[in-house]
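Each remark here refers to the structure printed beneath this line.
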Amino acid sequence: MKFVKLLTGAVLAGVVALTLSACAPTATKEGTGGYIDDTVVTTKVKGELLKDDSLKSTEINVETFKGKVQLSGFVSSPQMANRAVQVTRSVAGVKSVVNNMQIK
């Protein structure tokens, strides 16, 4: 009976360990907490871009991975692209900005 309890406890501990390790982040995959953090950063960046009247922020796409924000889409001038990058850098949680915007 003691052996069965010990075996059951070991199996249960193994299942818990495997479940938790499946949520662990890797170099190319975010963990659950990281995903939530990046979603918050993306939302904050989009909000700041919307506040700026000089930008057509609806044409700018924002994606975040581990604090690295990628801006893509279309802007009317290089100055607008630089303004969008400047606004994005001012947001808390942004570690770096990649500018993939195109001038139309």
Side-chain angles (χ1 to χ4, degrees):
M1 190 67 171
K2 247 183 176 181
F3 178 72
V4 173
K5 284 185 179 182
L6 182 63
L7 184 61
T8 303
V11 169
L12 185 59
V15 169
V16 169
L18 284 173
T19 302
L20 291 177
S21 68
C23 295
T26 65
T28 58
K29 182 181 143 223
E30 285 184 304
T32 305
Y35 177 78
I36 292 170
D37 292 344
D38 284 344
T39 302
V40 169
V41 169
T42 298
T43 303
K44 286 181 181 179
V45 169
K46 286 181 179 182
E48 290 300 315
L49 291 173
L50 278 171
K51 286 182 191 177
D52 195 314
D53 294 332
S54 65
L55 295 171
K56 285 189 175 181
S57 57
T58 57
E59 295 184 10
I60 300 173
N61 300 315
V62 180
E63 293 182 29
T64 308
F65 182 72
K66 294 187 177 187
K68 182 178 180 180
V69 178
Q70 177 182 335
L71 300 176
S72 60
F74 297 95
V75 289
S76 58
S77 69
Q79 293 80 14
M80 292 297 106
N82 290 334
R83 178 69 185 143
V85 170
Q86 182 183 17
V87 168
T88 301
R89 283 190 178 135
S90 71
V91 174
V94 174
K95 295 179 182 173
S96 66
V97 179
V98 176
N99 180 0
N100 288 338
M101 292 180 284
Q102 297 180 6
I103 311 303
K104 62 175 176 176

- line: Across all chains, not counting sequence neighbours, the salt bridge (charged side-chain N to carboxylate O under 4.0 Å, His left out) partners of E63 are none
query: Which pairs with one or both residues in residues 39-50 pass salt bridge (Lys or Arg N to Asp or Glu O under 4.0 Å), sequence neighbours excluded?
result: E48-K51
Using atom types as modelled, flag every donor-acceptor pair under 3.5 Å from a side chain in residues 86-98 to any protein atom, sequence neighbours excluded.
residue : atom : partner : partner atom : Å
Q86     : OE1  : R83     : NH1          : 3.2
T88     : OG1  : A84     : O            : 2.8
S90     : OG   : V87     : O            : 2.6

- prompt: For Q70, what residues pass the side-chain hydrogen bond (donor to acceptor under 3.5 Å, both in side chains) criterion, not counting sequence neighbours?
  reply: none
task: Output all residues satisfying side-chain hydrogen bond (donor to acceptor under 3.5 Å, both in side chains) with T42, sequence neighbours left out; order by chain, then residue number.
output: T64
- request: Would you mind listing every side chain to side chain donor-acceptor pair (under 3.5 Å) that reaches into residues 72-82, with sequence neighbours excluded?
  value: S77-Q79
From L50 atom CG to I60 atom CD1, the distance as rounded to the nearest 0.5 Å: 9.5 Å
- prompt: How long is the span from the CE atom in M101 to the CG atom in N61, to the nearest 0.5 Å?
  reply: 10.5 Å
- prompt: Would a hydrophobic clustering, with Ile, Leu, Val, Met, Phe, Trp and Tyr connected at side-chain separations under 4.5 Å, put L71 with F65?
  reply: no
- prompt: Roughly how far, to the nearest 0.5 Å, is the CD atom of E59 from the CE atom of M80?
  reply: 12.5 Å
- prompt: Taking all atoms of both residues into account, what is the closest heavy-atom pair of I103 and P78, and its distance?
  reply: CD1-N, 3.6 Å
